[in-house]
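Written out below as C-alpha cells is the structure these notes cover.
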Amino acid sequence: MWDTLIQDIRYAVRTLAARPAFAAAAIVTLAIGIGANAAIFSAIDALLLRSLPYPNGDRLVAINNAYPKTGEFDAGSTIPDYLDRRQQAPSLANSAIYQYASFNLTTGSAPVRLIGAQSTPTLFPTLGTQALLGRVLADDDAVAGRERVAVLSFDAWQNQFAGEPGIIGRDLRLDHDVYRVVGVMPKGFFFPDRDVQLWTPYVIQPEQLNDEERGNSDVQSIGLLKPGATIAELETEFRTITARNAARSSQLRTDYGLTGFVTHAVSLKTEWFGGMRQTLWLLQGMVALLLLVSSVNVINLVLVRFSARRRDFALRSALGADRRRLTRQIVIESALLAALGGATGLVLAAFGLPLLGHIGLAATRRAAAIDFAMGWGPVGFVFVLSVAMGLLLGMVTASSLRRAHNFDLLRAGGQSGGTNPAGGRLRNALVVGQFALTLVLLVAAGLLLKSFLRLQQTDPGFVSKYLLTARLDLPKSDYADAAAQTSYYQRLLVAARAM
C-alpha cells in the first residue's frame, strides 16, 4: 500500500512538473486566496481570540463609572470608588488604578520627553508580570516622600541608556525631581499602550478619600477576577456597593439619582479592541469570498486540465487500470496543489502582515503593540483551508471520472478536443457562480469606497486645511495648580499668535 502511495505521489509531482504553467497558475491563485485569509485571521486571532499578552490576561477587566443621565458612559474611576471595590467586591482578586503622565528626562544637553504612567503598585501583580531586572513597584513606594522611584520599559532602557547593565539603582532627573530606577520590564511588555516608557507610583492623598472626590473620575481602573468569578457577578457586587453608599449618605443618594450613576465592568480585551470586531469580521468575510472565487478559478483550471488528459485516462482504463487507483491519483495531485498553494499563501501572509497597519488595523497604540505574527492558530487555519481545498479539487475532478464509462473515455480520448457534456455543464455552473461572487465583492468594495469618500467630504464645522493639533502635558512640579497652567496657556497663545 505504501509503495503504491509513494508511486502515486511521484506521479503527481511529475505530472505537475510537466505542466509548469498550469501548476504555477493554480498555486498562485490558491495562494492569493489562502494568504489573504491567513493575514486577516492573524489579526482576528491576535486582537479578538488570543489572550492579552499578560499571564492574567483572560481574567483582566476594565472598570468604568458611568453617568447616563449626563451623557457620560465611560468616565474612568475615582479614588473612593476604587477603594470601595478593592475592599467590598469579593469577585476581585486584585485591582489597580493608573493615569498617564509626562516627564522631561535630562541626561545630556537637551531634555527628552517621555510618556509615562502613574499607577498603584498593585498594577503589576494584577497583570501578573514581573520585572526583567530589579523589581516592580512595591507598596512602600506609594507612600508620600518615598515615591521618587521608576520602573523603565525595555525600549526606554535600550534607547535612552543603551541597555546599561548597571541601570538598577541609578538616579534620573525627571523634570526637576530625582527618581531612582528600581526595575526594567521585559521586552514586549506594554501597559496601557506601547508609548508608555516608565511607571512611577501613584500616591493617594488623604484629601482624596472623602465623598466629595467621587465626582473626579480622573484615573483609569482595571481589576483581576478571581478564578471562576464572572463579570455579571462583579457588576452585581458593584450595584450592592452603590446601594450601600447611597443608604449611608443622602448627598450621594441625590447625586446618584441626578446622574444615574452605575459602574460597568468589561473584559480588558473587549475594552481595548471590541470596537474593531465588526471591521475585522467584515474583512474576513470579504477575503472568504475572495477565496471562493480563487477556488472556482482553480477548479475550472483543473477541469480543463482533466479534459485535456482524457486520452491518458482512457488508455489507462482500457489497459485495466483500477478506477479507484485513478481516483486516488487525482486526489493526491489535487492535494499537492492545495498544499503548495497553502505554503505559498503562508509566505504571502507573512509578508502581508506589516501592511495591516496601513489599512487601520494597527492604528491604535494598543493594537500596534500586539504581535500579529503567524502563530499556531493562523497556521492551523491555513492547514484546514489547504485540506479543504485539496478535498474539494479532488472530489470535483474525481466525480467527473466516476460519471464517465470506459467507452465514453475512449471515445472522448480518441477525438481531438472531445468534451464531456457533464463536465461542460459543471464548468458553466462554476463560471456563473464565479461571476456572482465577484459581483458581491465588487459591490461590497464599492460601498466601502463610497462610505470612505463620504467621510472624507464630511464638513467638520471648521476649516481644517491649515489646522495643527498638539498634546501638551505640563509637569506638575512647575504647574501644580490651575492658575499656573492657565497662565502658561495664555502665554502660549500670545506667542502662537505672534508667529
Side-chain angles (χ1 to χ4, degrees), residues 2 4-42 44-45 284-309 312-313 324-353 374-402 423 426-427 429-431 433-434 437-438 441:
W2 291 107
T4 56
L5 180 61
I6 293 175
Q7 290 175 3
D8 291 340
I9 294 175
R10 290 175 177 173
Y11 177 78
V13 172
R14 290 196 303 271
T15 301
L16 294 178
R19 297 292 185 271
F22 160 76
I27 291 170
V28 170
T29 303
L30 281 177
I32 291 173
I34 293 176
N37 276 268
I40 300 301
F41 184 77
S42 294
I44 292 177
D45 179 59
Q284 187 66 69
M286 294 182 68
V287 295
L289 288 177
L290 176 63
L291 179 60
L292 286 176
V293 173
S294 301
S295 303
V296 171
N297 270 329
V298 175
I299 289 174
N300 274 323
L301 286 174
V302 170
L303 287 177
V304 170
R305 172 69 180 142
F306 174 76
S307 296
R309 296 170 61 192
D312 175 52
F313 286 113
R324 288 178 297 180
R325 179 78 180 273
L326 295 177
T327 301
R328 188 172 67 183
Q329 289 179 346
I330 291 173
V331 172
I332 290 176
E333 186 176 328
S334 300
L336 183 60
L337 273 178
L340 293 173
T344 309
L346 274 178
V347 175
L348 293 179
F351 281 102
L353 285 176
M374 299 291 294
W376 287 111
V379 171
F381 180 71
V382 169
F383 175 77
V384 171
L385 285 181
S386 301
V387 171
M389 290 299 100
L391 291 175
L392 179 62
L393 292 176
M395 287 190 299
V396 170
T397 311
S399 65
S400 298
L401 178 64
R402 285 196 301 269
L426 177 59
R427 288 195 298 274
L430 290 173
V431 170
Q434 183 178 358
L437 292 172
T438 304
L441 278 175

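Computed over heavy atoms, backbone and side chain alike; hydrogens, waters and symmetry mates excluded. All residue numbers in this chain count up from 1 along the given sequence.
- Every pair tested for side chain to side chain donor-acceptor pair (under 3.5 Å) that includes a residue from residues 21-30 fails, sequence neighbours excluded, so the list is empty.
- Contact detail for Ala39 and Ala349: the closest heavy-atom pair is N-CB, 3.9 Å.
- For the pair Ala36 and Val287, the tightest heavy-atom approach, listed with the atom from each and the gap, is CB-CG1, 4.0 Å.
- In this structure, the side chain of Asn37 engages the main chain of Gly33 through a donor-acceptor pair within 3.5 Å.
- Taking the side-chain contact (heavy atoms from CB on, under 4.5 Å) definition, one finds that Leu292 meets it with Leu289, Leu437, sequence neighbours left out.
- Atom CG of Leu291 sits about 11.5 Å away from atom CD1 of Ile32, to the nearest 0.5 Å.
- The distance from atom CE of Met286 to atom CG of Leu290, rounded to the nearest 0.5 Å, is 9.0 Å.
- Remark: Leu340 engages Ile27, Leu336 in a side-chain contact (heavy atoms from CB on, under 4.5 Å) (not counting sequence neighbours).
- Ala338 and Ser386 get closest at one heavy-atom pair: CB-O, 3.2 Å.
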